[in-house]
Amino acid sequence: MSEAAIPLRRAPAAARRRPRHVALAGLALSAPAIALMALFLIGPVGAVIGMSLTDYQLGARSWSFIGLDNYSALAGDAVFWKSLGNTLLYAAIVVPASFALGLGVALLIEAGRSFRAFYRAVFFVPVMATLIAMAISWEFMLHAQFGLINLTLISLGFAPQAWLANPDLALPTLAVIGIWQAFGFNMVLFLAGLVSIPRPLYDAAAMDGADGAFERFRLVTWPMLGPVSMFVLVISAIRSFQVFDTVHVLTKGGPSKATEVLLYSMYAEGFEFFRSGVAAAIATVFLVIVLALTLLKARAADRRVHYS
Amino acid sequence: MSGISLRSIGKRFGETPVLRGVSLEIRAGEFVSLLGPSGCGKSTLLRIVAGLDSQDEGEVLIGGRDVSEVRPSARDLAMVFQSYALYPHLTVEANMMTPLRMRDLGAFERLPLLGALAPGRAAKLAAMRARVREVAETLRIEPLLARKPGQLSGGQRQRVALGRAMVRKPVAFLMDEPLSNLDAALRVHMRTELADLHRQIGATFLYVTHDQVEAMTMSSRIAVMLEGSIVQVGAPAEIYDDPRDVRVAEFIGSPKINLIDAVTDGAGQPRIDGAGRGGQALDCAFAARPGAALRLGVRPEHLRLADPALAPLVGRLRHREELGAETLCHVEVQGGAAPLVARVSPAAARGLRINAPVGLVFDLSDIRAFDAAGLRIEAVSSPARAAAHV
Ligand SMILES: Nc1ncnc2c1ncn2[C@@H]1O[C@H](COP(=O)(O)OP(=O)(O)OP(=O)(O)O)[C@@H](O)[C@H]1O
Ligand SMILES: [Mg+2]
């Protein structure tokens, strides 16, 4: 039934005007959560934004307010633009690929009858594994001379590649690891979404003439997955903007800044060059991007994928 | 428009048989109701006809052709689902157009952007829109065409679901309890509309319901289904007046038919245990062995109140339900399991107090007798109606 698929979006108008004591009780009950959020979320964000307006250096005794100088320095810094571009490119590879792969695998698992739990578990393992540890395993697999991947290529008669040392290959290689790590998560979300599609819709589609796999997908599955897809898209984008572990372990931003990404630049500025003010400015840029993605989800798209 | 034949359809889910050799002939243009209690396998049977499930045994013929290997869409049927199953992301118009788009547009023409390039597509779409509008007019849902299903009431959704089935001219309509989600008033209204619709378009209808009133009021014939088998098929009046099985007699009619235990004597005449007038045998005979246990069914409207001294059944008035046009008297008879219910005119019941002794009389020709296994036993003799009631 269609109602089941529609979450209640807004409280009725009457519920918004509550008596005073109810409002007070509500405030009291949400106070602990608000306090914790202020302490651990809003406070630190405010501190970072504040710090980005100073020339503070890690460990320095004194610092001064320099307005937007850090930002204008970033705007003139080729490495920052390179790092922003790399991050966007990384996301542009990882988001669609992990989305498509997650959806594809979820559809295959849902369509099959046997070994469902097994497949679910297998594809979800990379999500649960510690990425740092996995990155180290990948490092060995990608090793130019004795890595499993090059050995396989050679035995099949292909030329070996310097996966992480070649500036053209390094970022795509990291993106592949990112996809490997992320799509299991998307798959689980899609599986949950698929299960909640009402069966009678497929029956209706079959009666209406859509009983081929592609037509069923277009008429029922894809539209009904709208909310889940939106969520997967935004979550994947945010997570790929956060790429750091693999860069840190495998390439350290190199070769020649080919894998320099936002969070790695921030890390380098803050903890290698100790320019905390600049690092805070990068962090602020990062926050703005993530916030924009979140707003995008909350505003424009929500209305088009929920069918109320 | 075609007839549908079901030939000994069997279906089991795991070990549990759900359908046991169901056979049914539906003639072209007929309105047949599949009536039975919840869980008896009606939906399963309908889904097998539609091709959404496959039978384990037997065959389905549509227009004389075995469709067992034919996909649902190729069977050219239209179905209305109990839950309506409207596409929530499409407007009412798009919902109703879907069956037309899927069948009348080629795969290329249905592509999102490229499809617009196909020659003749615009004309086809215009024709479909016109057809949708026409059906919407019949169902009086024209003002709703631009809305999404989430913005409709239950009754409106039901009409849209009906409209989606009607835009094509399918060989038959399959309906799975389409009115069960509506309120009482709307249900009555839609009953009339559906019957009208059937008269108008004259198509074959296979209509599933557990509501006997729906089945009685709309159908040309009713197939009563119990525990996975069709027990009796017949016109509504026939099912009501001439039940072949005690379960059918009990299932149809509200309040339920009264069942009175009796034993046949040497002449095949039933004697009601411990009843009035000294347990004298009734003056009618049934084709049963002497000493056989019988159950005599008498509909509530066939029982009349009478002087206890003269009546074949006597008891006490336990309860009285005044329904305005009629009164239901619940009479507890000595030795009887459940109270007997008599449907009488309010005037006849007016003077009676609760616990007052009451006699019940009936026409012998109104008795339907069933044997211990529940099968109907024919009367071999009963007096003419005028002389009747013992
Ligand atoms: N997919 C299934 N797997 C196992 N058992 C099923 C399945 N579908 C139906 N059944 C069983 O088959 C029996 C008949 O189900 P069906 O849905 O045909 O009943 P129905 O007559 O339509 O009942 P209702 O009036 O409640 O809709 C029920 O006992 C049900 O539990
Ligand atoms: Mg059912």
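To find a chain, count down the sequence lines: A is the first, B the second, and so on, and within it residues start at 1. Below, each value reflects all heavy atoms present in this structure, side chains not excepted, and no hydrogens, waters or symmetry copies.
Of the possible polar contacts, one joining the B/His89 side chain to the A/Leu219 backbone as a donor-acceptor pair under 3.5 Å is found.
Between B/Leu52 atom CG and A/Arg199 atom CZ the span is 12.5 Å, to the nearest 0.5 Å. For the atom pair CG (A/Asp203) and CZ (B/Arg47), the distance works out to 4.0 Å, reported to the nearest 0.5 Å. The CE atom of A/Met207 sits 10.0 Å away from the CZ atom of B/Arg164 when rounded to the nearest 0.5 Å.
Options A/Gly212, A/Gly209, A/Ala206 differ in how many heavy-atom pairs under 4.5 Å they form with chain B, and the most are formed by A/Gly209.
Inter-residue side-chain proximity for A/Leu201 and B/Pro88 is flagged as met; some heavy-atom pair is nearer than 4.5 Å. Residues A/Met224 and B/Tyr87 form no side-chain contact, since every pair of their non-hydrogen atoms from C-beta on lies 4.5 Å or further apart.
At most 12 heavy atoms of other shown residues, nucleotides or ligands fall within 6.0 angstrom of atom OH in A/Tyr119. Around atom CZ of A/Phe115, no more than 12 heavy atoms belonging to other residues, nucleotides or ligands sit under 6.0 Å away.
The two residues B/Ala85 and A/Ala204 have their closest heavy-atom pair at O-CB, 3.7 Å.
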